[in-house]
Amino acid sequence: MKEPMLKFVSRARQTPEKREAAARREDFDEIYAQFAATRAAEQAARCSQCGVPFCQNHCPLGNDIPDWLKLVAEGRLQDAYAVSSATNNMPEVCGRICPQDRLCEGACVIEQSGHGTVTIGSVEQYITETAWQEGWIKPVKPIRERPETIGIIGAGPAGLAAAEELRRAGLQVTVYDRYDRVGGLLIYGIPNFKLEKQIVERRTRYLEESGVVFRLNFEIGKDETFAALREKHDAVLIATGVYKSRELVCPGIGNNGVIAALDYLTASNCTGLDDKVPAFDDGSLNAAGRKVVVIGGGDTAMDCVRTAVRQGAASVTCLYRRDRKNMPGSAREVANAEEEGVVFEWLAAPKAILGDSNNAAGVRAARIELGEPDESGRRAPIEIPDAQTDYQADMVIKALGFEPEDLPLMFDQPELKTTSWGTLRVRPSSLETNLPGVYAAGDIVRGASLVVWAIKDGRDAAAAITAEMDARATASFAAE
Ligand code: FAD
Ligand code: SF4
Ligand code: SF4
């Protein structure tokens, strides 16, 4: 058979079609189409099948990328799905929202040689969407059911990945979440135009059919104590994410019209799901017709500016204290936002919210120059004396990142150990906390991170919990 691969010189990199910006501004639908079969095979065939695949090393899940690219190029899609799903519980989600330019695709040697990276994420999405359409994705049926029960707190990607792996091992799994839907930030944080909600709901149905029990509207620390949960289960996994907004301290920050990013995004997502949201209906969390300034330069800020555009804001400006090169958000998302009409004001740090307590009227920002790199590796912002600009705004969205809530306090477990950042302290090899039989995964361990890392942690924690259950079963068998 003729070698189908190594076509990167003769074949240009292509991404799936992106809808025109003017049409995108009108709705919350995803902006990228999916690859057609021939296009996916053509693009997969650009891979040079590296002996040491840097793409795989830079994927947090260590996905076997060259193998599934080759299988797609050969038209062996079911095999490609088997390889891809062996290391990833949500390939169709990661294919859509991983910042590939900073992970797998950023490390592709073809990119380094100037030919444009292989479009790994889109091919990954295509493989799994095909698997869903063809009915290849079947609920988990463990070889044998086991009696041990595991309680998972949090139905975000970390909790869900762990739940699936634990069911695969035959363990009985209950996932508790304080929200009324499964998915965590996949549902309530990330907007529909990046990840349509039915993609997450399809995974939820699959997990239910696999035997995972969900208890929603159920907050640990309120509806049940953490101690009672521990009593009830053989092991507990904490996958609660990070939800405390980082605050901006400046005059006028309490003015009406200054809102937190997650409140804003959650209201928008809930409205899209046909929930009744009074704060959206009364206009406080709706950008329609308003002059919006978003403060921040990460992915949350990008989601806010692009949501405001879709809600029909009169103008949308993003203020960020560093420059484009030194911002934490994905370059792809910044480009999408610019196409959709967002204005970026780089090197601008907020000094005060203008207006009065009844209404914000704008943001006063200091001009900034960049100094030497700081501990984050990015160049430190330094204020230029007496240089400032006022930006008009009657809605100001604070998108400065998230910190962990005080879990030892919320769970009434003062002995639960945390790091100096407030994240849970775990043994790296097993993700076990200092409380025996209590594990932790995802953002609550790493701080605000990425879906793909949450999935990786969920899988690692599930493997450690399964090993502990095996060890306990062996010990009790030996004692009989
Ligand atoms: P979460 O997804 O936060 O889930 C935690 C769950 O725990 C929640 O459902 C919560 O209700 C529940 N919970 C918390 N406390 C309790 C309790 N006491 N009792 C019961 N339930 C509880 N990552 C990407 O890779 N790509 C992106 O494009 C991207 N965009 C993002 C956009 C926004 C606006 C935000 C905020 C984040 C984004 N992220 C993105 C980051 C990503 O969403 C997170 O890293 C990921 O969701 C973390 O997963 P998790 O399971 O640890 O936590
Ligand atoms: Fe790339 Fe993310 Fe897929 Fe890994 S999971 S191959 S980083 S898109
Ligand atoms: Fe293929 Fe690029 Fe990965 Fe090499 S680094 S195996 S060319 S995708």
Side-chain angles (χ1 to χ4, degrees), residues 5-6 8 44 46-63 65-66 68-70 84 87-88 90-91 93-100 102-105 107-113 117-118 120-125 153-162 175-179 181-191 194-195 215-216 218-224 226 238-243 261-262 265-266 298-304 330 333 399 401-402 405 407 410-411 441-446 448-458:
M5 307 304 285
L6 292 135
F8 61 92
R46 295 182 67 246
C47 170
S48 72
Q49 298 286 285
C50 304
V52 179
F54 287 108
C55 55
Q56 182 170 6
N57 296 342
H58 282 74
C59 167
L61 293 163
N63 282 346
I65 298 163
W68 45 255
L69 287 173
K70 186 158 195 281
S84 149
T87 49
N88 191 349
M90 301 179 197
V93 173
C94 293
R96 283 175 167 87
I97 62 166
C98 269
Q100 285 106 9
R102 285 191 263 141
L103 300 172
C104 54
E105 294 184 9
C108 173
V109 290
I110 293 178
E111 170 80 355
Q112 307 305 326
S113 69
T117 172
V118 177
I120 299 168
S122 306
V123 174
E124 185 180 31
Q125 174 186 341
I153 315 172
L160 297 183
V175 182
Y176 304 85
D177 203 292
R178 61 186 173 190
Y179 287 159
R181 290 185 181 85
V182 171
L185 289 174
L186 301 180
I187 288 283
Y188 293 103
I190 298 174
K194 274 166 57 182
L195 176 68
R215 288 207 65 184
L216 301 178
F218 196 91
E219 182 168 344
I220 302 303
K222 203 165 119 197
D223 297 306
E224 181 158 66
F226 182 78
I238 304 175
T240 47
V242 289
Y243 283 87
L262 198 56
L265 292 173
T266 304
D299 286 333
T300 303
M302 294 312 106
D303 289 350
C304 290
S330 151
E333 298 308 312
F402 302 96
E405 292 158 298
L407 275 199
M410 286 168 68
F411 287 174
D443 280 4
I444 191 59
V445 175
R446 293 179 180 274
S449 178
L450 292 173
V451 169
V452 65
W453 280 112
I455 295 172
K456 155 90 174 134
D457 285 352

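Counting convention: from 1, in listed order, for ligands and their atoms alike. Since we're looking at a predicted model, the values are computed, not measured.
With contacts defined as side-chain heavy-atom distances shorter than 4.5 Å, the pair P91/Q125 does not qualify. Proximity of L450 to L103: side-chain heavy atoms (C-beta onward) are separated by under 4.5 Å at one or more points. Taking 4.5 Å as the limit, some side-chain heavy atom of V451 sits within range of a side-chain heavy atom of I190. Side-chain contact between I120 and C55 is present, with at least one heavy-atom pair separated by less than 4.5 Å. Contact of the V109 side chain with the S48 side chain is registered, since non-hydrogen atoms from C-beta on lie closer than 4.5 Å.
With ligand atoms numbered from 1 in the order given, ligand 1 contributes 20 (C), 21 (N) to contacts under 4.0 Å with heavy atoms of Y176. Each of the following atoms of ligand 1 lies closer than 4.0 Å to a heavy atom of G184: 2 (O), 4 (O), 8 (C), 9 (O). Each of the following atoms of ligand 1 lies closer than 4.0 Å to a heavy atom of F402: 36 (C). For ligand 1, the atoms lying closer than 4.0 Å to a non-hydrogen atom of F218 are 19 (N), 20 (C). When each atom of ligand 2 is checked for a heavy atom of N63 under 4.0 Å away, the hits are 3 (Fe), 4 (Fe), 5 (S), 6 (S). Residue contact check: I65 has heavy atoms under 4.0 Å from atoms 6 (S) of ligand 2. Which parts of ligand 2 touch V452 is read off a 4.0 Å heavy-atom cut-off, strictly below it: atoms 5 (S). Those atoms of ligand 2 with a heavy atom of L103 less than 4.0 angstrom away are 7 (S). For ligand 1 and G189, the ligand atoms under 4.0 Å from any heavy atom of the residue are 34 (C). Close approach to G442 involves these atoms of ligand 1, each under 4.0 Å from a residue heavy atom: 52 (O). Counting the atoms of ligand 3 from 1 in the order shown, those under 4.0 Å from a heavy atom of S48 are 1 (Fe), 7 (S).
A donor and an acceptor atom, one from each side chain of S449 and D443, are nowhere located under 3.5 Å apart. A side-chain donor from one of E124 and N63 sits under 3.5 Å from a side-chain acceptor of the other.
The protein heavy atom nearest to atom 7 (O) of ligand 1 is G154 CA, 3.2 Å. Closest to atom 3 (Fe) of ligand 3 among all protein heavy atoms lies C55 SG, 2.3 Å. Given atom 8 (S) of ligand 2, the protein heavy atom at minimum distance is E124 OE1, 3.3 Å. Nearest non-hydrogen protein atom to atom 27 (C) of ligand 1 is I97 O, 3.6 Å. The nearest protein atom to atom 29 (C) of ligand 1, hydrogens excluded, is given as I190 CD1, 3.7 Å; this is a heavy-atom distance. Nearest protein heavy-atom contact of atom 18 (N) of ligand 1 is I220 O, 3.0 Å. With hydrogens left out, the protein atom closest to atom 4 (Fe) of ligand 2 is C59 SG, 2.4 Å, a heavy atom. Looking from atom 1 (Fe) of ligand 3 to the surrounding protein, the closest heavy atom is C47 SG, 2.4 Å. Ranking protein heavy atoms by distance to atom 43 (O) of ligand 1, first place goes to L185 CB, 3.5 Å. Nearest protein heavy-atom contact of atom 44 (C) of ligand 1 is D443 OD2, 3.3 Å. Closest to atom 9 (O) of ligand 1, if we only count protein heavy atoms, is D177 OD2, 2.6 Å. For atom 2 (Fe) of ligand 2, the closest non-hydrogen atom of the protein is C98 SG, 2.4 Å. In terms of protein heavy-atom proximity, atom 21 (N) of ligand 1 is nearest to R178 N, 3.1 Å.
Taking each of C50, A107, C104 in turn, the one with a heavy atom nearest to atom 6 (S) of ligand 3 proves to be C50.
I238 and L407 get closest at one heavy-atom pair: CG2-CD1, 3.7 Å. Residues I65 and C59 share a closest heavy-atom pair of CD1-CB, 4.3 Å. Between G442 and A158 the shortest heavy-atom distance is CA-CB, 3.9 Å. Scanning all heavy atoms of the two residues, the minimum distance from G189 to L262 falls at CA-CD1, 4.1 Å. Contact record, N88 with I455: OD1-CD1, 3.8 Å, taken as the closest heavy-atom pair.
Distance check, rounded to the nearest 0.5 Å: SG of C47 to CH2 of W68 gives 9.5 Å. Between atom NZ of residue K194 and atom CD of residue E333 there is a gap of 5.0 Å, rounded to the nearest 0.5 Å. Here the SG-CD distance, from C108 to Q100, works out to 12.0 Å after rounding to the nearest 0.5 Å. Here the CD atom belonging to E111 is positioned 11.0 Å from the SG atom belonging to C104, to the nearest 0.5 angstrom.
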Q: Check the pair L265 / Y188 against side-chain contact (heavy atoms from CB on, under 4.5 Å), numbers first and verdict last.
A: CA-CA 7 Å; L265 292 173; Y188 293 103; over 6 Å; no

Q. Yes or no on side-chain contact (heavy atoms from CB on, under 4.5 Å) for I153 and F226, after CA distance, side-chain angles and deciding distance?
A. CA-CA 10 Å; I153 315 172; F226 182 78; 3.8 Å; yes

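Taking the ring axis of F218 as reference, the NZ or CZ atom of R215 stays within 45° of it and closer than 6.0 Å to the ring centre.
Among the atoms of C108, none of the N, O or S atoms falls under 2.8 Å from atom 4 (Fe) of ligand 3.
Taking any N or O of K194, backbone or side chain, at least one lies under 3.5 Å from an N or O belonging to ligand 1. At least one N or O atom of A158 sits closer than 3.5 Å to an N or O atom of ligand 1. Ligand 1 has an N or O atom lying under 3.5 Å from an N or O atom of V451, backbone or side chain. Between L186 and ligand 1, no pair of N/O atoms sits closer than 3.5 Å.
The side chain of I153, and not its backbone, has at least one atom closer than 4.0 Å to an atom of ligand 1 (non-hydrogen atoms only; side chain from C-beta on). Heavy atoms of I110 found under 4.0 angstrom from ligand 3 belong exclusively to the side chain. Contacts between E405 and ligand 1 below 4.0 angstrom, taking non-hydrogen atoms only, are absent altogether. Neither the backbone nor the side chain of I444 has a heavy atom within less than 4.0 Å of ligand 1. Heavy atoms of A239 found under 4.0 angstrom from ligand 1 belong exclusively to the backbone. At a heavy-atom cutoff of 4.0 Å, ligand 2 is contacted by no atom of H58, backbone or side chain. Residue contacts with ligand 2, taken as heavy atom pairs separated by less than 4.0 Å, involve C94 via backbone and side-chain atoms alike. Contact annotation: for Y188 versus ligand 1, there are no heavy atoms closer than 4.0 Å.
For the pair E405 and R178, the salt-bridge criterion is met [side-chain N within less than 4.0 Å of a carboxylate O].
Using 4.0 Å as the threshold, Y243 has a heavy atom nearer than that to some atom of ligand 1.
Counting non-hydrogen atoms of neighbouring residues, nucleotides and ligands closer than 6.0 angstrom, the OH atom of Y179 exceeds 12 such neighbours.
Taking the centre of each ring, F402 and Y243 stay at or above the 6.0 Å mark.
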